[in-house]
Amino acid sequence: MKNIPYRFYLPEEKMPKTWYNLRAAMPEKPEPLINPGTGKPVTADDLRPVFCDELIRQELDDHTPEFEIPKAILDMYRIFRPSPLIRAYRLEEALQTPARIYYKFEGNNTSGSHKFNSALAQAYYAKAQGISTLTTETGAGQWGTALAESCAAFGLDLTVFMVKGSYNQKPYRKDVMRTFGAQVLASPSDTTNAGRAILERDPETTGSLGCAISEAVEKAVTTPNCRYVLGSVLNQVLLHQSVIGLESYEAMMAFEEYPDIVIGCAGGGSNLGGLIAPFMRDTLTGKHTGTRYIAVEPASCPTLTRGRFEYDFCDTGKITPMAKMYTLGAGFIPSANHAGGLRYHGMSPIVSKLYHDGYMEAVAYEQTQVFEAAVQFARLETILPAPESAHAIRCAMDEAIKCRESGESKVILFGLSGTGYFDMSAYASYLDGTMGDTIPKDSEIAAR
Ligand SMILES: *Cc1c(COP(=O)(O)O)cnc(C)c1O
């Protein structure tokens with residue numbers, strides 16, 4: 001093992017020039033998206049009114065291992081990548097653990113999260129196709145911000161449907177997006193049929209990602225030269241996010257380290273799916289065995305740990321294709337947990353399939369446990385973590401504590417997906433001792 005610095009940035013010549021498609025290594029592929037109208041797997045033609053052509057090609061390709069990253073995207077990546085791989089020396093010392101803990105920090109860009117990696121790609125392909133406007137949804141606001149930055153970079157108009165709970169809880173998020181030129185609407189809004197229908201049923205609703213997706217898709221298909229983009233869940237998003245894993249992999253190679261445990265928080269599964277991609281390739285192909293992969297989710301939205309593996313809609317309005325995934329039901333509206341980015345009823349079909357086939361584990365934590373870890377981490381490592389990312393911190397700390405008890409010096413790698421600067425109301429409620437948690441009853445999960 002090498003002498004390992006606190007913060008490591010991959011040298012320019014080692015930076016990935018291609019994204020890695022984990023599906024290529026999967027012995028059993030994720031089930032295809034289904035067109036609910038025909039009951040058959042979606043075709044490129046089915047998707048064309050909604051998504052850009054190149055992104056459809058990426059979405060439907062289960063076999064090509066590598067996709068070249070276009071130069072214009074590499075040039076943008078160069079502004080904020082590589083992201084650092086950090087050895088958590090101070091956390092290790094505080095926990096008195098023999099484990100070696102590493103984390104990949106994706107919060108060093110204005111969006112404050114990994115989402116910029118895929119937003120740039122999606123905006124680029126839209127522009128290259130001659131599309132003029134994009135629509136999307138955003139929960140906590142990170143995706144909307146990442147896409148607003150990307151649309152500003154490539155010259156596209158953008159309408160963002162922002163989950164009403166977050167819109168009210170994080171007013172400055174909206175202004176960041178507006179600064180980059182986006183139009184931001186609180187969802188459910190009265191500008192779409194889907195939004196009006198949801199408001200009619202429940203005028204006081206704080207909204208959900210599933211509902212905002214319905215509105216954004218409807219707007220895309222009813223607006224000329226407009227397409228919809230999604231920040232997580234889809235295969236194409238995990239493809240773009242593989243840049244996180246590829247950089248981590250190269251850095252670990254440079255350290256002559258290999259993770260025994262890879263941990264990530266899981267909302268729709270994109271940062272986790274991206275982080276694990278090259279390591280999971282080694283697991284699936286037998287090149288390196290014994291690595292554990294852990295998805296961490298909130299107890300208030302326990303998709304993998306308590307959901308069902310079945311075909312479901314990706315949105316509340318049931319207008320999207322159906323995906324075979326772990327789901328709490330398209331009608332499930334999670335309680336107002338502070339980790340907005342983890343409040344989604346479904347899960348990436350790739351992550352779902354790997355979990356179902358026994359290649360991954362999943363755990364769920366209550367938010368007070370998560371914030372306890374976030375505060376301890378901030379004081380030691382000097383980074384204020386996003387509440388979403390703090391789920392991964394909690395799990396990494398618990399695994400490191402197990403190592404202290406067993407005396408094993410395992411290598412733990414976790415994804416620190418973003419910063420928490422826009423989540424200070426959440427930190428305030430934790431610090432004031434007013435934070436609770438709402439864990440859904442079985443009957444609420446079964447409800448459709
Ligand atoms: C959106 C978000 C997540 C969850 O999304 P995934 O697709 O599961 O990665 C996690 N962390 C941060 C900081 C986010 O913004």
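Everything quoted here is computed from the prediction, not taken from an experiment. Just so you know, ligand 1 is whichever comes first in the structure, and atom 1 is the first atom listed for that ligand.
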For residues 232-253, pull every pair meeting ring pair (Phe, Tyr, Trp, His ring centres under 6.0 Å), keeping only residues two or more places apart or in separate chains.
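Ring pair (Phe, Tyr, Trp, His ring centres under 6.0 Å) check on residues 232-253 returns Trp19-His240, Tyr249-Phe279.
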Within the protein, residues bringing a heavy atom under 4.0 Å of ligand 1, chain by chain
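The 4.0 Å shell around ligand 1 contains Ser113, His114, Lys115, Gln142, Ser232, Cys265, Ala266, Gly267, Gly268, Gly269, Ser270, Asn271, Gly341, Leu342, Ala386, Glu388, Ser389, Ser417, Gly418.
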Does Glu257 pair with Arg100 as a salt bridge, N-O distance under 4.0 Å?
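Salt bridge flag = yes for Arg100 with Glu257.
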Quick test of your reading of the model: are Lys104 and Glu247 salt-bridged, counting only N-O distances below 4.0 Å?
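Judged by the 4.0 Å cut-off on N to carboxylate O distance, Lys104 and Glu247 do form a salt bridge.
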Main chain of Ala362, side chain of Thr305: is a donor-acceptor contact present, judged purely on distance under 3.5 Å?
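Flag not set: sc Thr305 to bb Ala362 has no pair under 3.5 Å.
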Side-chain polar contacts of residues 420-428 - donor-acceptor pairs under 3.5 angstrom, sequence neighbours left out - could you list them?
{"unit_1": "Asp423", "atom_1": "OD1", "unit_2": "Lys170", "atom_2": "NZ", "d": "2.5"}
{"unit_1": "Tyr427", "atom_1": "OH", "unit_2": "Pro385", "atom_2": "O", "d": "2.6"}

What side-chain hydrogen bond (donor to acceptor under 3.5 Å, both in side chains) pairs are there with at least one residue in residues 259-271, not counting sequence neighbours?
His114-Ser270
